[in-house]
Each structure stands twice: as C-alpha cells, then as structure tokens.
Peer 1: 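Take this structure first; my questions come after.
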Protein chains: 2
Amino acid sequence: MEKISKELIGASSIPIILSILSKSESYGYEIIKKVKEISNGKLEYGDGTLYPVLHKLEKKELIESYWKIPESGRKRKYYTISNKGKKELVSQKENWTTINQIITNLWKIEPTLT
Amino acid sequence: MEKISKELIGASSIPIILSILSKSESYGYEIIKKVKEISNGKLEYGDGTLYPVLHKLEKKELIESYWKIPESGRKRKYYTISNKGKKELVSQKENWTTINQIITNLWKIEPTLT
DNA sequence: AAATATACTTAGAAGTTCGATGTATAAAAA
DNA sequence: TTTTTATACATCGAACTTCTAAGTATATTT
C-alpha cells in the first residue's frame, strides 16, 4: 500500500472536505472516518491535520460551524458548506480536472516506457 | 481562465517534471516553456519556482545534471532522469491515480447538486 | 548602444502538514 | 466500581514548501 505524499494530501484535502460537506453537514471526527472509508483506508487524516484545515476553511468563510450539544452523548462542532464554499468547490473541480488532463496527457503520449 | 492553486502546483510539479525528463533530457528554461505549452498556458512556473524544485530533485538523486557549453550560444544545465527517478515516477503515478479516483468518485456519487 | 530574451541562483516571507501533547466526556470492559 | 478505550476538539512547534524578488551573466535583436 502506497503512502500518499504530503503534497498530494495538501492539494486534495480542500476539494475532498468541501465535497463531503456539500452532501451533508458533518463534524471533524466523522470526516476523518468518512475519508478513510471512501478511500479504502488509503487516505487517513490525523486529527492534528484535519482540525487546522477546518479552521482555515472557516476563516476563509468557505464553511460555517456550530456546536451541537445533545441531551445524551457528547457535543460536536458541526460544519456546513457556505455559498462561497460551493463556488470554491466548483472552481477546485475545474482546477483539478485541468491538472489531471495535463498529467494524464503527458503519460499517454509516452506509452509504457519501462 | 482559472488560476491553478499553489497546492495543486506543488502536488503536480514533481510528476510533471519527471515525466518530461523521462522522455528526453532538458534544462530549466526549456521545461518552463514546455509546461506552459502542454498546458495551453494554464500552468506556468516562475523561474524562482522551478529551479529550487530541480535542485531538490537532484539532491534526492531522482535527476542528474551536467553543464553543456556549446561553441556558440549560452551554456545550459541539462537534467536527466535517474533510475531512482524512474521508479519514483511510477510511484507518483500510482499515488496520483489513487487520489484522482477518490475525488472523482466523490463527485460522481453526488450528481450535479447545484 | 540599448533593450530584450535567455539562463541560472539564492534569500527571505509566508504558508503548509504532521506528530505530539493537552483537555474532556461517553461508553465499554474488567 | 474502576479502568480502559473510543470519541471529540484544540494547539504548539518542527520541518518542509512555494513564491516573490533581487542578483548574475550572456546572446540576440532593435
């Protein structure tokens, strides 16, 4: 199993988190598990990695947060995507697609030069 | 025309540079123009961005360099990919593909939730 | 002769991830 | 009942990154 590079983690974390939140609100701990699940365990954020990213996204107003304190069970900070965040997600998708085309083209032109 | 984010630049630069060098040796200035060309102007490295990356790759022994001083014209530092670099490129491709599948899956599951 | 394009280098600013550490509570196990 | 484990969030500091800017130098074009 390959370890994903720091750079790729960085480049993908924002589109991944915004995508998850665009489907439904969630909280830090759950996002960590969701990412692990959808990646089949290949991608796993540490909590010390994810929380600062969430704070950064909130500061940029791409997501919003509120505390949910249930009568039983522990309190959680829920995050929702903002309109600004939805627009950012669209832009991130375009960016990702652009780069993906560039590098897959690069790999296609040169066929299996082992 | 979208501006590509810093993070994506970072994540893609190594696979892109290694891919270019896996086809033929090249030098800094030419790589900058090549990347601009194959990306249709969407991706353009500054020289202050590319050269440190080349130095880093050389330090990691993924590429090698030598000076070519022609009888006429200016001298250039040519870079070639090493065996280690070829292996790294394979690994980078796998990593990229993994992340690409994760995020494209994420986008497929949710169909045009505008 | 001057301006522009080519070609490479390096330093410093600003930003990033990540492991470690800390706080706290609920649930499960002993 | 007590301990352990899982849940849940925050933050610091180390190590690393890219980017802008400034610097050096030469060939070509105007």
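So that the names make sense, note that chain A is the first sequence line, chain B the second, and so on, each numbered from 1. What you are looking at is a predicted structure, and each value in this text was computed from that prediction instead of being measured.
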Peer 1: Whole angstrom is fine here: how far is it from CD1 in Ile69(A) over to P in dA8(D)?
Peer 2: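 After rounding, the reported distance stands at 14 Å.
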Peer 1: What is the distance, rounded to the nearest whole Å, between atom OH of Tyr45(A) and atom C1' of dC9(D)?
Peer 2: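 Between C1' of dC9(D) and OH of Tyr45(A): 18 Å.
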Peer 1: Quick one: Leu50(A) CG to dA20(C) P, roughly how many Å, whole number?
Peer 2: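 For the pair Leu50(A) CG and dA20(C) P, the rounded distance is 18 Å.
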Peer 1: Quick check on contacts: within residues 57-66 of chain A, what sits under 4.0 Å from DNA chain C by heavy-atom distance?
Peer 2: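 DNA chain C contact set from residues 57-66 of chain A: none.
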Peer 1: Just verifying a value: how many Å separate Ile81(B) CD1 and Ile20(B) CD1, rounded to the nearest 0.5 Å?
Peer 2: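 The CD1 atom of Ile20(B) is 11.0 Å from CD1 of Ile81(B), to the nearest 0.5 Å.
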Peer 1: Glu7(A) has an atom CD; how far is it from atom C1' of dG15(C), in whole Å?
Peer 2: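 Whole-Å distance recorded here is 14 Å.
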Peer 1: Does a nitrogen or oxygen in the side chain of Lys56(A) sit under 4.0 Å from OP1 or OP2 of dT16(C)?
Peer 2: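 Affirmative; the distance criterion is met.
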Peer 1: Roughly how far, to the nearest 0.5 Å, is the CG atom of Leu54(A) from the CG atom of Asp47(A)?
Peer 2: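 Between atom CG of Asp47(A) and atom CG of Leu54(A) there are 11.0 Å.
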Peer 1: How long is the straight-line distance from OH of Tyr27(A) back to NZ of Lys34(A), given to the nearest 0.5 Å?
Peer 2: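 Here the interatomic distance stands at 9.0 Å.
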Peer 1: Would you mind reading off the distance between Lys6(B) atom NZ and dT18(D) atom P, rounded to a whole angstrom?
Peer 2: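 Roughly 11 Å, once rounded to whole Å.
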Peer 1: Which distance, rounded to the nearest 0.5 Å, do you find between the NZ of Lys93(A) and the CG of Asn100(A)?
Peer 2: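 One finds 14.0 Å between NZ of Lys93(A) and CG of Asn100(A).
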Peer 1: Table please: side-chain donor-acceptor pairs of residues 4-14 of chain A below 3.5 Å, with sequence neighbours left out.
Peer 2:
{"unit_1": "Ser5(A)", "atom_1": "OG", "unit_2": "Leu8(A)", "atom_2": "N", "d": "3.3"}
{"unit_1": "Ser12(A)", "atom_1": "OG", "unit_2": "Leu8(A)", "atom_2": "O", "d": "2.8"}
{"unit_1": "Ser12(A)", "atom_1": "OG", "unit_2": "Ile9(A)", "atom_2": "O", "d": "3.3"}
{"unit_1": "Ser13(A)", "atom_1": "OG", "unit_2": "Gly10(A)", "atom_2": "O", "d": "3.4"}

Peer 1: Measure the distance from NZ on Lys34(B) to P on dA7(C) and round it to the nearest whole Å.
Peer 2: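 Distance, rounded to whole Å: 13 Å.
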Peer 1: In whole angstrom, give the distance that lies between atom CD1 of Ile31(B) and atom P of dT6(C).
Peer 2: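 Ile31(B) atom CD1 is separated from dT6(C) atom P by 15 Å.
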Peer 1: Without decimals, in angstroms, what is the distance between Leu8(B) CG and dT17(D) P?
Peer 2: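 So the two atoms are 17 Å apart, to the nearest Å.
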Peer 1: Considering residues at least two apart in sequence or located in another chain, which fulfil the ring-ring contact (aromatic ring centres under 6.0 Å, His included) criterion with Tyr45(B)?
Peer 2: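 If we apply the ring-ring contact (aromatic ring centres under 6.0 Å, His included) test to Tyr45(B), skipping adjacent residues, there are no hits.
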Peer 1: Return the set of residues passing ring-ring contact (aromatic ring centres under 6.0 Å, His included) with Tyr51(A) (not counting sequence neighbours), or none when no residue passes.
Peer 2: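 In terms of ring-ring contact (aromatic ring centres under 6.0 Å, His included), with neighbours along the sequence ignored, Tyr51(A) is linked to no residue.
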Peer 1: What one-letter contact string describes nucleotides 8-14 of chain C from 5' to 3', where B marks a base within less than 4.0 Å of any protein heavy atom, S marks contact via sugar-phosphate atoms alone, and - marks no contact?
Peer 2: BBB----
Peer 1: Between Ser65(B) (side chain) and Lys77(B) (backbone), is there a donor-acceptor pair under 3.5 Å?
Peer 2: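 Answer holds: no.
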Peer 1: Provide the full list of salt bridge (charged side-chain N to carboxylate O under 4.0 Å, His left out) pairs with a residue in residues 58-68 of chain A, sequence neighbours left out, each pair given once.
Peer 2: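 Of all non-adjacent pairs touching residues 58-68 of chain A, those that pass salt bridge (charged side-chain N to carboxylate O under 4.0 Å, His left out) are Glu25(A)-Lys68(A), Glu61(A)-Lys84(A).
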